[in-house]
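Taking it in order: structure first as structure tokens, then the write-up.
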Amino acid sequence: MENLPLFFILSSIVKIVIIVHLLLIGVMLMIWAERRVSGWMQDRLGPNRVGPQGLLQPIADGLKFMFKEDIIPDHVDKPLYVLAPAMLLVPALITAAVVPFGSSIELFGETINLQIADINIGILYILAITSLGVYGVVLGAWASNNKYSLLGGLRSSAQMISYELTLGLGIIGILMLTSSLSLRTIATEQGAYPWQWNFLIHFPAFLAFTTAMFAETNRLPFDLAEAEQELVAGYHTEYSSMKFAMFFMAEYMNMIVGSAVTVTLFLGGWHFFGLENVGGPVWSGLISFAIFFVKTAIFLFGFIWVRWTLPRFRYDQLMNFGWKFLLPIALTSIVVTGTLWIMTGSRLVVGIGNAVSAFIVVSIVAGMLVMTTPKPAIQESDSRFSPTALDAVE
Amino acid sequence: MLLSTVIFLPLLGVIAIALLRGLGESAIKGIALAIGLITFVISLGLYTGFNADTATFQLGGTPIEWVSGLGISYHIGIDGISLWLVLLTTFLTPVCILAAWNSVEKGLSGFMMSLLALETGMLGVFCSLDLFLFFVFWESMLIPMYFLIGIWGGERRIYATVKFVLYTMAGSALMLVGILALYFQNDNSFDLTTLSGPFEHSDLLFLAFFVAFAIKVPLFPFHTWLPDAHVEAPTVGSVILAGVLLKMGTYGIIRFCLPLFPDAAEKFTPLIVPLAVIGIIYGALVAMVQPDLKKLVAYSSVSHLGFVVLGLFSKNPAGLQGSVLQMINHGLSTGALFLLVGMIYERRHSRMIVDFGGLSKRMPIFATVFMIVTLSSIGLPGLNGFVGEYMILFGSFVQGAFSKVYVVFATAGVILAAVYMLWMFQRVMFGTLDKTNENLPDLNAREIVVMLPLLLFIVWIGVYPKPFLNKMEKSVGLVVTKVQATPAMGQLENGVPVGTKLALRETEHEKSEKEAQTK
Amino acid sequence: MLLEYYLILSALLFTIGVIGVLVRRNAIIIFMCIELMLNAANLAFVAISRNLGETTGQVFVFFVMAVAAAEVAIGLAIIVSVFKHRQTINVDEINSLKG
Amino acid sequence: MPIEEINWQLLMPELVIALTLLIVLVFDLFDSISKKVLGWMTIVGAAIALWVSIQMHLDGTVGIQFNQMFKVDNFSLFFNMIFLISTILVVLLSMSYLDRGDKKQGPYYLLILLATLGMMLMAAGNELIIVFLGLELMSLSLYVLAGYFRENPASSEAGMKYLLLGAFASAFFLYGIALIYGGAGTTSIPAIAEKITAESSSPLLLAGMFLLIVGFGFKVAIVPFHQWAPDVYEGAPTTIAAFISAGPKAAGFAAFLRIFMEALPNLQGEWSGVLILLAMLTMTVGNVIAIAQTNIKRMLAYSSIAHAGYVLIGLAAANNDGISSAMLYLLVYCVMNIGAFGAVILAKTEDGESLMISDYAGLGTRKPLLAMFMSVMLLSLAGFPPTAGFVGKFYIFKAAVGAGHIWLVIIGALNTAISAFYYLRVVVTMYMREPEEELEFSPYASTLVIGLIIAAVGVLLIGILPSLMLTPAQNSVF
Amino acid sequence: MNAEQILFILFGAVSLIGAVSVISFRHPIYSALSLVVTFFAQAGLFILLGAHFVAAVQVIVYAGAIMVLFLFVIMLLNLGTLSAKGAIGPKVKGFAVILGILLAIEGIYIALNSANDTTVAAAESATGTTTTYDIGKLLFSEYLLPFEVTSLILLAALIGVIVLVKRESQEEN
């Protein structure tokens with residue numbers, strides 16, 4: 001530890017600075033994108049006044065947040081109230097440390113990996129840090145001393161713990177095939193072509209992982225922690241100005257990092273039809289970074305898309321979904337992957353087996369749910385909407 | 001085989017009663033009595049089959065391995081000492097069953113079962129030649145006795161029964177340690193016949209055993225459970241308690257304490273004999289002031305058993321034989337006394353001496369029987385008590401291994417016994433007849449049948465004790481040889497009346513001792 | 001780094017845990033102190049394991065963690081069910097069981 | 001390292017239990033199946049495992065599995081018998097007991113099976129890890145079982161107390177293991193023994209050893225680590241109190257014996273004195289406090305503490321006799337203690353359980369069968385012949401005398417006398433006191449009676465023919 | 001003083017401070033958070049000891065799952081105001097503290113004296129990290145049985161928790 005090469009330290013610092021800034025910029029872009037895309041989907045304009053296409057709107061918002069009065073309500077638990085946003089933001093930021101944003105570039109005769117740190121327990125690191133995100137929510141909720149906040153916090157903690165399981169289990173299939181926890185290795189192992197990427201081999205796991213990722217980031221349809229209609233914004237009801245902004249940023253940052261991780265794990269990282277190898281040692285690195293960036297962006301678009309496509313879950317539905325669908329799928333995927341990999345050693349077989357088995361599992365679970373769920377006696381109500389229809393609207 | 005039959009036949013009776021409980025009270029009584037009588041009859045075979053010419057244990061059959069892993073075997077047998085105690089037990093049990101014919105108000109089957117189980121336990125104690133087996137019987141006999149007192153006893157029965165059990169348990173706890181310690185010194189075996197000293201820590205071992213037995217006897221400071229137990233026990237319980245149970249203590253002393261640890265016995269004699277004498281005097285004095293008939297008899301037991309212990313620690317043939325005989329005597333006469341007290345209690349529902357008076361007019365047969373038994377208890381020549389007490393006192397005085405002063409005090413106990421017994425008799429039987437007692441019926445046929453055998457033996461032993469003494473002679477002799485430092489003292493000639501010859505030998509011995517001292 | 005320092009640290013942590021169990025009356029805090037004790041043991045395991053140059057200790061820690069997680073799940077469930085009855089989890093106030 | 005070939009035959013009892021576990025788990029899902037069936041499945045599974053264990057014991061099947069971690073020998077097989085007998089008896093007692101309320105039955109049997117499995121692992125563990133994990137498996141299941149009647153505040157409280165103190169104990173136990181690992185450099189029991197002979201004992205080892213004693217002390221309720229026992233026994237469902245007092249205690253002692261006799265025999269000089277002291281304390285405190293109890297479950301709790309003291313005598317003796325006597329005693333104790341609890345369950349009134357000793361007045365005449373069961377069990381607990389309790393105690397005392405601990409035995413024997421007092425008091429109440437109020441007793445449940453008959457027959461059979469179990473116990477010393 | 005020592009002191013101090021805070025904070029939430037801090041510091045120590053995998057698992061399991069569960073329950077029961085009541089008397093507290101100090105001294109003594117121990121004195125020979133691969137391999141070969149048992153423990157916990165907290169369908173009706 002004492003004799004680290006100076007170059008390594010320097011390059012690391014540079015990488016950290018760049019990535020942090022990229023993330024922050026990404027957050028701003030994401031906020032803008034979200035609003036614009038939302039507008040587009042809802043057939044309206046969205047922000048379009050500040051700057052070209054409203055591009056500067058996030059900056060204006062940021063300034064507004066910064067200069068707003070920082071209100072700390074009397075009834076809150078002050079230390080924790082202040083701590084909570086930071087506890088949410090910091091994990092989101094440091095997760096990015098192990099994500100490989102591209103292959104590598106050669107500068108000054110040294111090879112620099114486009115990744116802050118390639119540690120051998122990369123995935124575990126991500127899981128570990130992600131699991132801390134929940135503290136921000138929970139503490140913020142509790143410190144607010146507000147029952148809606150508290151409810152949001154409780155929901156959120158239960159939800160996050162539940163889905164973290166799927167998150168972890170979803171990765172195991174990949175680990176079995178790559179026998180490494182390092183994200184860079186996982187990314188490199190996936191070939192240049194989409195059919196070599198993990199999402200095809202581990203399709204059920206991919207779905208489970210992605211869904212769990214949505215839940216972990218508290219995005220719709222899993223945003224029960226802050227469901228405006230029920231909880232008046234949930235855990236951050238009592239927050240305003242910069243602290244609120246931090247919650248906000250953290251959420252987007254989580255989305256970005258989550259997408260990046262998903263891309264790395266399942267979508268072939270920076271690979272794209274060999275394009276990443278075009279050009280010299282410098283250019284290929286930059287191209288790979290660009291590919292990665294685009295993939296992440298597409299994935300992020302998915303987040304927004306889903307938001308306006310799916311209705312929010314009811315709480316019990318959320319839990320049922322997590323435990324009765326995702327978890328079995330993830331578990332089956334592990335079993336099937338392991339078995340078929342040992343027996344055949346062929347990724348193709350594993351992929352087919354996974355898909356088939358997932359289909360079977362889903363059918364069985366769905367069948368059992370239908371069979372066992374007692375039919376609620378529908379009460380004749382005065383409303384012209386039937387209760388079931390109301391559920392669907394919500 | 002014969003012996004095993006005797007021991008376990010009553011247990012068979014217990015099972016039979018348990019199974020045939022539904023047949024009604026008379027059937028239960030019938031079964032119990034039949035079993036008791038058959039056991040007694042079979043046990044008579046022990047008497048005839050017993051070879052008095054040897055001191056070895058007999059009639060037990062070959063030992064059967066029981067718990068091989070611990071060196072425990074089912075090893076039984078009797079010698080001249082236990083023979084009599086076995087017979088006493090088998091004899092008293094049917095007597096008790098008959099005596100309890102009408103007095104059990106509730107749970108008759110349980111009562112009879114307890115009684116028969118108790119018999120098995122007691123017989124087992126007397127016949128066991130394996131320390132473990134002995135201990136098993138010793139402890140298991142507690143349970144039926146516990147129920148007998150606790151369920152069918154008087155007002156304070158629970159207090160009495162718990163006290164009884166706890167005293168005994170505390171004693172036997174120590175004995176258990178002693179038994180275990182012996183086991184390791186006996187080549188990992190519990191067999192009594194192979195035990196031979198000297199043992200390590202024999203003082204402690206002796207004490208461990210002795211305390212257990214002393215509690216049972218009961219010797220003076222350990223006696224406090226006895227009056228409670230006797231008073232609260234039902235009549236039959238008292239009879240068994242006094243007749244047999246107490247003898248288990250003295251039997252233990254003669255079977256274990258004396259032959260196994262002669263040195264320790266020697267050492268502790270100066271401690272034990274005073275206790276025995278105190279017991280004699282104390283028991284007598286306390287008995288004298290008792291207003292309650294049963295308590296009086298109970299304290300008289302303390303006094304009488306003091307004699308037995310005294311005799312045992314005289315460590316000479318006369319004293320020991322007297323002790324063994326006195327055990328039987330006490331069983332007979334005190335048992336009879338308790339029965340009589342019970343009979344009168346059934347009639348009058350009181351045991352207070354002041355409630356009676358002048359009964360002899362109303363109940364002549366009762367008075368007569370009572371008189372004989374009282375006199376036997378006092379030790380009137382011609383009745384059994386005399387023979388035993390005489391031999392004990394004689395043995396201890398002439399040959400005793402302790403100061404003669406004690407014997408003098410002990411003899412005072414005899415006089416005191418006469419005082420309290422006769423005084424009691426006078427107050428109960430003579431004087432003016434109370435009005436409430438005017439309608440008391442005399443003994444009925446059943447009760448006479450109950451008492452007659454007892455009277456028979458009381459007179460028999462008093463007049464002609466030789467057959468009794470004959471059978472025990474060798475066995476007692478063996479104990480004496482083991483316990484006495486000088487082997488010459490132990491020998492006894494067959495059939496010779498015990499008195500004079502022994503006295504002569506004793507004086508010779510004393511002479512030689514004196515000579516030794518002068519040298 | 002010498003092993004002793006790790007062991008001392010672990011002993012201190014364990015001790016603090018024990019004190020906590022003895023001093024605190026809140027069932028949940030007591031439970032947390034127990035977790036602290038388990039962690040102290042874990043630290044000792046890993047330190048010793050490193051020292052011996054083998055992995056046994058680390059594997060052991062892995063098992064301990066699994067056990068701890070199970071224990072916490074059950075423990076908290078029980079505490080919650082007690083709370084439902086008594087509206088408190090102060091171990092001094094939960095004393096309906098006394099002879 | 002290549003994965004070793006697994007000798008399935010050695011694992012038969014554990015496998016049977018695990019299989020039963022799975023079957024019950026699956027069948028519990030079907031609402032249409034009567035929950036009693038689950039109980040019978042559990043019993044059948046345990047009975048098969050018992051039979052297999054006995055067969056293996058008779059055949060002398062021994063072996064070490066899983067990289068020296070799992071040792072099947074007569075010792076573990078004998079303890080398997082104890083555990084499985086306890087399990088069968090407890091399940092028999094439970095079936096009607098659970099019927100009283102609409103209690104979920106499936107998880108109950110599952111947890112019992114899991115606990116049983118944990119105990120079996122403790123007895124067979126040849127590695128401290130396995131012992132620890134077995135202990136935790138058992139304890140966790142028991143915490144839940146103690147708090148199983150969650151709508152009953154007492155049960156929940158019992159669960160919580162058991163949990164807090166149990167987890168506390170586990171932490172001590174674990175730290176002890178850590179220190180022994182530090183001192184000996186290994187956690188394998190035979191390897192530790194070798195290490196200690198090779199080197200002088202280090203302070204780490206000693207400290208670890210004492211921590212283990214503390215941990216075990218809590219688990220098997222040795223004074224001064226016993227405070228949880230009465231509360232837990234009183235609050236927990238009676239069947240579970242019976243279970244906790246039997247199998248787990250035996251399992252604790254199994255591991256205790258295995259670790260101290262096999263791994264730390266060379267530290268005997270250090271631990272035997274401590275154990276003697278603890279044994280004396282445990283017996284005396286347990287018995288003396290038991291006298292003052294008016295609630296029969298609490299009384300049995302203190303009595304169970306006292307009995308742990310007797311077993312400790314066997315441990316303190318630390319010779320072959322000591323080990324086998326402790327084993328025999330545990331077997332006997334499990335049967336008679338479960339029997340006693342079973343009688344408590346049987347003696348229930350229409351409106352609930354009658355737990356005060358005074359409520360037993362007059363039972364002797366009104367419920368003769370029940371009173372008889374109760375008496376047999378209590379007399380056995382008190383150590384009267386011809387019951388198994390007597391044989392067990394006798395053998396323990398014999399072992400201790402053989403090891404030269406006369407004073408320990410004297411105290412033990414006097415304690416027996418003390419204990420007779422409170423055991424007999426119940427008998428007194430049943431047979432010799434008149435009931436103050438007429439309680440309505442509910443009718444007997446057949447399964448309960450079967451369980452009690454088995455226990456009673458067992459107690460008397462071992463009492464009369466001790467060789468039946470004594471010889472196996474003597475053959476089972478490691 | 002090299003980096004490792006500095007880091008050890010840092011993490012050690014943090015974990016100790018955290019531990020002390022656990023038992024001294026009035027409020028359970030703060031205690032829980034202090035415990036999280038301690039766990040984190042311990043994860044750091046594990047990394048120092050080359051046990052990266054254990055460190056990660058420490059954070060995932062302890063900080064990420066166990067402590068969240070604690071927080072969850074504390075919040076659910078809203079224990080804030082209740083915990084202040086019924087604190088134990090100063091005597092018991094004093095006793096406990098003295099006992100603790102004694103224990104600690106003993107622990108330090110033992111640790112220092114164990115230096116003579118050959119197994120311990122082998123110290124510092126072994127450094128380097130254990131990879132997840134190694135541990136995984138061990139888990140499925142040498143430690144197969146404990147691994148399976150652990151799964152049973154988790155099963156027991158699962159069943160137990162369901163029994164204890166699941167609402168019964170009858171109650172709902």
Side-chain angles (χ1 to χ4, degrees), chain C residues 1-9 11-20 22-26 28-29 31-33 35-36 39 42-43 46-53 55 58-59 61-63 65-74 76-81 83 88-90 92-93, chain E residues 4-5 8 12 15-16 19-20 22-23 28 31-32 35 38-39 42 45-46 49-51 54 57 61 65-66 69-70 73-74 77 82-83 85-88 93 96-97 100 103-104 107-108 111-112 115 119-120 122-123 125-126 130 134-135 138-139 143 146 150 153-154 157 160-161 164-165:
Chain C
M1 230 19 235
L2 278 173
L3 175 62
E4 288 99 87
Y5 297 109
Y6 282 101
L7 287 183
I8 289 171
L9 181 62
L12 286 175
L13 288 173
F14 188 81
T15 313
I16 293 171
V18 175
I19 295 179
L22 297 177
V23 169
R24 297 305 300 256
R25 301 289 87 190
N26 182 319
I28 286 194
I29 293 184
F31 208 43
M32 288 196 271
C33 291
E35 293 306 313
L36 190 60
N39 256 274
N42 281 355
L43 183 60
V46 175
I48 292 163
S49 160
R50 205 275 293 258
N51 214 36
L52 294 168
T55 340
Q58 293 189 26
V59 177
V61 169
F62 177 76
F63 293 131
M65 283 178 186
V67 166
E71 201 170 73
V72 167
I74 283 182
L76 291 177
I78 290 177
I79 290 175
V80 168
S81 80
F83 185 83
T88 177
I89 51 165
N90 185 313
D92 285 341
E93 291 172 37
Chain E
E4 194 193 348
Q5 282 167 341
F8 172 77
S15 64
L16 278 179
V20 171
V22 171
I23 64 171
S31 292
L35 196 54
T38 306
F39 287 164
Q42 277 214 30
L45 289 170
F46 287 158
L49 287 166
V54 173
V57 175
V61 173
I66 293 181
L69 214 54
F70 269 108
V73 169
I74 294 170
L77 307 186
L82 292 163
S83 62
K85 278 194 293 181
I88 54 164
K93 223 169 218 171
V97 170
L103 260 177
I108 292 170
L112 288 177
T119 44
V120 176
S125 57
T130 318
D134 297 334
I135 290 187
L138 276 178
L139 277 182
Y143 292 91
T150 312
I153 291 177
L154 293 175
V161 171
L164 287 172
V165 295

Mind checking whether [X] and [Y] have side chains closer than 4.5 Å, heavy atoms only?
| X | Y | value |
| --- | --- | --- |
| Ile16(C) | Leu16(E) | yes |
| Asn39(C) | Thr38(E) | no |
| Phe63(C) | Ile153(E) | no |

Tell me, for [X] versus chain C, whether the close heavy atoms (under 4.5 Å) come from the side chain, the backbone, both or neither.
| X | answer |
| --- | --- |
| Ser15(E) | both |
| Leu139(E) | side chain |
| Leu138(E) | side chain |

Looking only at Val20(E), Leu69(E), Val22(E), most heavy-atom pairs under 4.5 Å shared with chain C are made by Leu69(E)
Nearest non-hydrogen partners of [X] and [Y], listed with the distance:
| X | Y | answer |
| --- | --- | --- |
| Met65(C) | Val61(E) | O-CG1, 4.0 Å |
| Ala157(E) | Ile74(C) | CA-CD1, 3.5 Å |
| Ala70(C) | Leu154(E) | CB-CD2, 4.0 Å |
| Ser31(E) | Met32(C) | CB-CE, 3.7 Å |
| Ala68(C) | Ile66(E) | C-CD1, 4.0 Å |
| Leu36(C) | Ala19(E) | CD2-CB, 3.6 Å |

Criterion side chain to side chain contact (heavy atoms under 4.5 Å, CB included) on Val73(E) and Phe83(C), from CA distance to verdict:
CA-CA 11 Å; Val73(E) 169; Phe83(C) 185 83; over 6 Å; no
Step by step, would you call Phe62(C) with Tyr143(E) a ring pair (Phe, Tyr, Trp, His ring centres under 6.0 Å)?
CA-CA 11 Å; Phe62(C) 177 76; Tyr143(E) 292 91; over 10 Å; no
So, taking the atom named [atom1] in [X] and the one named [atom2] in [Y], what distance separates them when rounded to the nearest 0.5 Å?
| X | Y | atom1 | atom2 | answer |
| --- | --- | --- | --- | --- |
| Phe39(E) | Glu35(C) | CZ | CD | 6.0 Å |
| Leu35(E) | Cys33(C) | CG | SG | 8.0 Å |
| Phe70(E) | Ile28(C) | CZ | CD1 | 7.0 Å |
| Phe8(E) | Leu9(C) | CZ | CG | 5.0 Å |

Shorter than 4.5 Å, heavy atoms on both sides: which option in Gly17(C), Ala73(C), Ser81(C) has the most such pairs with chain E?
Ala73(C)
Name the member of Ile79(C), Ile78(C), Ile48(C) that forms the most heavy-atom pairs with chain E at distances under 4.5 Å.
Ile78(C)
In sequence, state the C-alpha distance, the side-chain angles, and the governing distance for Val46(C) and Leu45(E), and then conclude on side chain to side chain contact (heavy atoms under 4.5 Å, CB included).
CA-CA 9 Å; Val46(C) 175; Leu45(E) 289 170; over 6 Å; no
Which portion of Ala11(C) sits near chain E, non-hydrogen atoms under 4.5 angstrom
side chain
Go through the atoms of Phe31(C) and report whether side chain, backbone, both or neither lie under 4.5 Å from a heavy atom of chain E.
both
Keeping the roles fixed (side chain from Arg24(C), backbone from Ile23(E)), state whether a donor-acceptor pair exists under 3.5 Å.
yes
